[in-house]
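Notes follow once the structure below has been shown.
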Amino acid sequence: MPEIRNDIRFILNGADVALTDVAPDATLLDWLRLNRSLRGTKEGCAEGDCGACTVLVGKLSAESLVYESVNACIRFMGSLDGTHVVTVEHLCGDGEKLHPVQQAMVDFHGSQCGFCTPGFIMSLYALWMRTPDPSNAAIEKALQGNLCRCTGYEAIMRAAHAISSYGEAAKDPLAAEREDITARLKALRDGARVEIGLGKARLIVPASVDDFAALLEKEPGATIIAGSTDVGLWVTKHMREISPAIFIGGLDGLRTILEKDGVITIGAGATYTEAFETLSKRIPALGPLVDRIGGEQVRNMGTIGGNIANGSPIGDTPPPLIALGAQLTLRKGEARRTIPLETFFIAYGEQDRQPGEFVEAVHVPVPTRGEKFAVYKVTKRRDEDITATLGAFYLTLAKDGTVADIRIAYGGMAATPKRATAVEKALIGKVWNEETVEAAMAEYASDFTPLTDMRATAEYRALAARNLLLRFYIETTGTKAPFQVSRNEAA
């Protein structure tokens, strides 16, 4: 059993912090504003959508220091052990001058009411530190998670391009103090388990993955918190109790990403941002999908393992991973079992996970040459929106042009992420052509009975799902749209 300490330790701006009285559901936003009077960090939505609460959190990754923008409104204090939290108050320029990001926003009129401005500044600060001369696309990606109701964004875009004319990122105080902060964070790594509180107010940070496994086996009812992009809303929107809470986001053993024999293994604690480079390079269709999951702050916190374990029918990663034939490793204590990902989802809110068992890793086969794979996400708006329906398609053609194998999986069409097995059956062994695809579309009614909700009507979902198969056919054959499904046919 590891040594136990009763405080969380981190760096806030330049000061060392050690807290012994921390509730498991205490958010960084509330602590900054109420306990430290750092009120530049604002609450707008309390659900990680608007970005007004954006701060930077620096963490050690492979012994190097990485700063990422995060949503303080859904970031729990228990996740901060061994990190460096940077708020807008920490920014400074030479002498009495404003920081380059702040001065650019002033000079290019990037702020009107000002409520969202600190969040924009922190997102742009993170971007500027890693990319001093960003493209429009890079700026837009960095600001996906920041909403402004005044300026129309053009002024903010101009300010983002101008930041480096006010100073050099390499000479910024955050860059200048990097070695010192890195050394201080390494010194905080004592290999101890953190335990704070008793009874219904317990917070635990395991010392290692093995320690986590042992803890969860003893307390199977504990709430597991990795990125808190979902659990955060349990607290801020639904006022749910989450104690005892076990925070696993800092466990390096769950953040590994490896490829062997054509299979990418992603630790359950790896964030979308950490997995992006490998996934977008090895399975290019997944790059644009990951870029549309929340905003950058959410991708910096949220984990692929958490997206799977949560079991939501509108989770974005399970359908494409199911279509790719992914496997899931579950662990309970020292015991492990590996199952097909698609069998993990049993019913709405029910997964094949025993008490005390957790998702440890997902194993994703990389499509080989000749195998075709695509994923399409349908939403009301392009960025930072929840899926109405999402279709993923994997296809292998035989030499004679017939369908040798096809896997089609959808989100938003059933109570769980689900294969379109009747549609697949109608396609396998048939020539991959217009007639085959059109005939197979009739089988969607056998596979799915979608619901109507705030995101889409059942009729729209049925139509969109069918047309995604058509889109996949067009893209894999290079033909023009040979036919289309009418609204009446989809109903």
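In this chain, residues are counted from 1 in sequence order.
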If you define the side chain from C-beta out and look only at heavy atoms, does anything of [X] sit under 4.5 Å from [Y]?
X      : Y      : value
Tyr394 : Asp405 : yes
Arg419 : Glu424 : yes
Asn136 : His161 : yes
Cys50  : Lys42  : no
Trp432 : Val437 : yes
Arg158 : His109 : no
Ile246 : Pro206 : yes
Val403 : Leu397 : yes

Identify, with sequence neighbours excluded, every residue that meets side-chain hydrogen bond (donor to acceptor under 3.5 Å, both in side chains) alongside [X].
X      : result
Arg130 : Glu296
Trp31  : none
Thr303 : none
Arg471 : Glu475

Give, for atom [atom1] of [X] and atom [atom2] of [Y], the distance between the pair rounded to the nearest 0.5 Å.
X      : Y      : atom1 : atom2 : value
Leu328 : Arg337 : CG    : CZ    : 8.5 Å
Arg353 : Leu330 : CZ    : CG    : 8.0 Å
Met122 : Tyr67  : CE    : OH    : 10.5 Å
Asn71  : Thr229 : CG    : OG1   : 9.5 Å
Thr416 : Tyr348 : OG1   : OH    : 11.5 Å
Gln327 : Thr265 : CD    : OG1   : 10.5 Å

Pair listing, ring-ring contact (aromatic ring centres under 6.0 Å, His included) test, anchored in residues 437-458, at least two apart: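 Output for this query lists Tyr410-Tyr444, Tyr410-Phe448.
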
Exercise: identify the closest heavy-atom pair between [X] and [Y]:
X      : Y      : value
Cys73  : Cys53  : N-SG, 3.3 Å
Ala46  : Ile74  : O-CG2, 4.0 Å
Gly78  : Val205 : O-CG2, 3.4 Å
Met77  : Leu28  : SD-CA, 3.6 Å
Pro24  : Ile242 : O-CD1, 3.6 Å
Pro220 : Gly356 : CB-N, 3.3 Å

Scan the side chains in residues 276-283 for donor-acceptor partners under 3.5 Å anywhere in the protein, sequence neighbours excluded, and list what turns up.
from: Ser280; atom 1: OG; to: Phe276; atom 2: O; distance (Å): 2.7
from: Ser280; atom 1: OG; to: Glu277; atom 2: O; distance (Å): 3.3
from: Arg282; atom 1: NE; to: Glu259; atom 2: OE1; distance (Å): 2.9
from: Arg282; atom 1: NE; to: Glu259; atom 2: OE2; distance (Å): 3.1
from: Arg282; atom 1: NH2; to: Glu259; atom 2: OE2; distance (Å): 2.8

Could you check whether the rings of Phe358 and Phe212 sit parallel, tilted or perpendicular, using 30° and 60° as the cut-offs? tilted

Could you tell me which residues satisfy side chain to side chain contact (heavy atoms under 4.5 Å, CB included) with [X], sequence neighbours excluded, listed by chain and number?
X      : result
Ser228 : Phe76, Ile225, Met301
Ala270 : Ile257, Ile266, Glu274
Val378 : Thr389, Tyr460, Leu468

For [Y], does its backbone N or O pair with a side-chain atom of [X] as donor and acceptor, under 3.5 Å?
X      : Y      : result
Lys418 : Asp447 : yes
Thr402 : Ala398 : no
Arg461 : Leu451 : yes
Arg336 : Thr329 : no
Asn300 : Val70  : no
Thr87  : Val55  : no
Thr436 : Leu427 : no
Asn307 : Gly302 : no
Asp453 : Arg455 : yes
Glu350 : Ala347 : no

What do the steps show when you test Asn146 against Ile156 for side-chain contact (heavy atoms from CB on, under 4.5 Å), and what is the final call? CA-CA 11 Å; Asn146 293 80; Ile156 297 173; over 6 Å; no

For Arg33, check salt bridge (Lys or Arg N to Asp or Glu O under 4.0 Å) against everything at least two apart and list the hits. none

Passes side-chain contact (heavy atoms from CB on, under 4.5 Å), Phe247 versus Val194? Steps please. CA-CA 10 Å; Phe247 291 89; Val194 176; over 6 Å; no

side-chain contact (heavy atoms from CB on, under 4.5 Å), that's the test. Do Thr271 and Arg299 meet it? Break it down for me. CA-CA 7 Å; Thr271 66; Arg299 295 191 294 271; over 6 Å; no

Per the salt bridge (charged side-chain N to carboxylate O under 4.0 Å, His left out) rule, what does the pair list look like for residues 367-392, sequence neighbours excluded? Asp316-Lys377

Verify side chain to side chain donor-acceptor pair (under 3.5 Å) between Thr223 and Arg240, making sure each step is shown before the conclusion. CA-CA 11 Å; Thr223 302; Arg240 286 174 55 176; over 6 Å; no

Apply side-chain contact (heavy atoms from CB on, under 4.5 Å) to the pair Thr317 and Tyr272, showing each step before the final yes or no. CA-CA 10 Å; Thr317 59; Tyr272 298 113; 3.9 Å; yes

Would you list the atom pairs, donor with acceptor, under 3.5 Å between side chains in residues 147-155 and any protein atom, with sequence neighbours excluded?
from: Thr151; atom 1: OG1; to: Tyr153; atom 2: N; distance (Å): 3.2
from: Tyr153; atom 1: OH; to: Cys148; atom 2: N; distance (Å): 2.9
from: Tyr153; atom 1: OH; to: Cys148; atom 2: O; distance (Å): 3.4

Closer than 4.0 angstrom, basic N to acidic O: yes or no for Glu342 and Arg407?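 Looking at Glu342 and Arg407, the cut-off is not met.
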
